[in-house]
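Heads up: the structure comes next, in structure tokens.
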Amino acid sequence: MKSTFRLSHFKYKLPATSIAKFPIDPRNASKMMLLNKETGDIQDKKFVDIMSMIQRGDTLVLNETRVFPAKVFAIKERTNASIDVLFVRELKTEEENLWDAVVEPARKLREGNKVFFDGNKFYAEAIGNTTSGGRTLKVTCKGNVFDAIEKIGKMALPKYIDREAEDFDKKLYQTEFASNKVMPSIAPPTAGLHFTNEMLHQLEKKGVRIAYINLSIGQEIFSKVVTEDLQKYAMHHEYFEISMAAAEMINKTLKAKKNVFAVGCSVVRALESSVLTTGQVKPNRGWANKFIYPPYAFKIVTKFLTNFHPPESPSLMLTCAFGEKDNVLKAYKKAIKDNYRFHCYGDAMLIV
């Protein structure tokens, strides 16, 4: 079905005071808005109330990607100009240590220029430009590049937070269930930030299945849609993996007519990018760039936990596709009025 929605349908006025600049501690102490997508009914809840809403036999699907501190300070050769480098993703090519990166100010790093990190302990050369205005960097480093970045990097907080990352962000801008065994991300699956490992343990004891998938969140998390015609917008590619075990768990849940709770937009994009003609999830790995906006018929996800997203963002459009645009924007208006906290460190919304 062709969409009649355009970019201007997803604008709303968000006061700066509604944007959460700091995380809540403990992480499960946030508020949660409950939205019924069929009736438009809205209820104010606490996040911990979700424990009674997920029932035995349901599956909770989590993105176990780990955030690495990808923002690194660099010095340009010869001029000693200061440059911020955001290592977005490692490129899987025959040549090792190639990275997509965003550099600021971009004009200071041209093809062939080098930048040095950590007192000249390693360096990178710009060998090309990316389609999104970034740079392709060839990194020269003794040992593992991830380890070198991890040692000196900061968490890449979104610009709307309007502060430098601090030490506590390394812990709290990270889900408790993040895995070191999967491809990392530059940002967390923010809906997952609310869960504690103790909550997940209690759900498992209750008989709830927990499926872990991986989608490496990249530059898209910081993007806004810039074309009025939504059909002309191209999402950034993000690597994802859905294991056989996770797919079987989700498919058993669907067959039993129980609920699949997707935690975050990254989980929704991964699941909806891996649908068989039978309406089941297939084990899969590869690159996803699925842009979900209204109208969209969801095949796998039956319940959706998310945060409150920026205007004109792909995440807001996905949320509106699941919860119906008018319902979601009405809920956002109420959330602003009732002092809900918005964006990555903000409160949660559960759409049922």
Side-chain angles (χ1 to χ4, degrees), residues 14-27 29-30 65-76 79-90 99-109 113 115-124 126 130 132-135 137 139 141 145-176 178 184-194 216-224 236 264 307-311 313 315 341-347:
L14 180 65
T17 52
S18 295
I19 299 173
K21 302 293 180 68
F22 294 90
I24 279 182
D25 191 14
R27 62 176 67 227
S30 64
T65 189
R66 178 182 66 86
V67 185
F68 76 108
K71 187 176 181 180
V72 184
F73 173 77
I75 296 293
K76 185 181 176 183
T79 65
N80 288 330
S82 298
I83 296 177
D84 284 325
V85 178
L86 175 61
F87 287 92
V88 175
R89 62 174 182 173
E90 185 180 18
W99 286 75
D100 271 351
V102 175
V103 298
E104 292 185 353
R107 68 181 185 279
K108 290 188 178 181
L109 191 63
N113 293 161
V115 288
F116 291 82
F117 306 95
D118 195 17
N120 297 347
K121 291 180 181 177
F122 68 105
Y123 69 92
T130 68
S132 57
R135 301 288 184 267
L137 301 182
V139 182
C141 175
V145 175
F146 275 106
D147 290 343
I149 296 171
E150 188 100 31
K151 179 182 175 184
I152 61 172
K154 292 185 175 183
M155 292 301 201
L157 299 181
K159 288 185 177 180
Y160 58 69
I161 285 187
D162 195 28
R163 64 174 175 84
E164 286 296 314
E166 300 182 42
D167 287 343
F168 62 78
D169 291 301
K170 284 194 174 184
K171 176 184 177 182
L172 296 177
Y173 197 57
Q174 184 85 269
T175 64
E176 286 196 358
S185 295
I186 64 172
T190 56
L193 293 177
H194 304 286
S216 180
I217 298 170
Q219 197 174 344
E220 192 62 57
I221 196 71
F222 301 138
S223 297
K224 279 189 175 183
H236 296 278
N307 279 21
F308 292 90
H309 302 292
S313 64
S315 295
R341 303 164 75 250
F342 275 60
H343 302 351
C344 67
Y345 272 147
D347 295 314

Point to revise | Evaluation steps, salt bridge (charged side-chain N to carboxylate O under 4.0 Å, His left out), between Arg66 and Glu150 | key: CA-CA 12 Å; Arg66 178 182 66 86; Glu150 188 100 31; 3.1 Å; yes
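- Listed here is the closest heavy atom pair of Cys141 and Ala148: SG-CB, 3.7 Å.
- Proximity of a side-chain donor or acceptor of Ser30 to a complementary backbone N or O of Asp347 within less than 3.5 Å is not detected.
- By the 4.5 Å heavy-atom criterion applied to side chains, Val115 and Ile75 are not counted as neighbours.
- For Phe308 and His343, the distance between ring centers is not under 6.0 angstrom.
- The existence of a salt bridge linking Glu104 and Lys71 is excluded, since no basic side-chain nitrogen approaches an acidic carboxylate oxygen closer than 4.0 Å.
- Residue Asp167 qualifies as open at atom CG: its count of foreign heavy atoms under 6.0 Å is 12 or below.
- Not counting sequence neighbours, the partners of Asp169 by the side-chain hydrogen bond (donor to acceptor under 3.5 Å, both in side chains) test are Arg163, Tyr345.
- Within a 6.0 Å sphere centred on CZ of Phe116, other residues, nucleotides and ligands contribute more than 12 heavy atoms.
- Residues that satisfy the salt bridge (charged side-chain N to carboxylate O under 4.0 Å, His left out) test with Arg341, not counting sequence neighbours, are absent from this structure.
- Tested against Phe87, the residues Phe117, Phe146, Phe122 include a single ring pair (Phe, Tyr, Trp, His ring centres under 6.0 Å) partner, Phe117.
- The stretch residues 79-88 participates, sequence neighbours left out, in no side-chain hydrogen bond (donor to acceptor under 3.5 Å, both in side chains) pair at all.
- Using a 30° and 60° split on the angle between ring planes, Phe68 and Trp99 fall in the tilted class, from 30° to 60°.
- Using a 4.0 Å cut-off between charged side-chain N and carboxylate O, Glu166 and Lys154 make no salt bridge.
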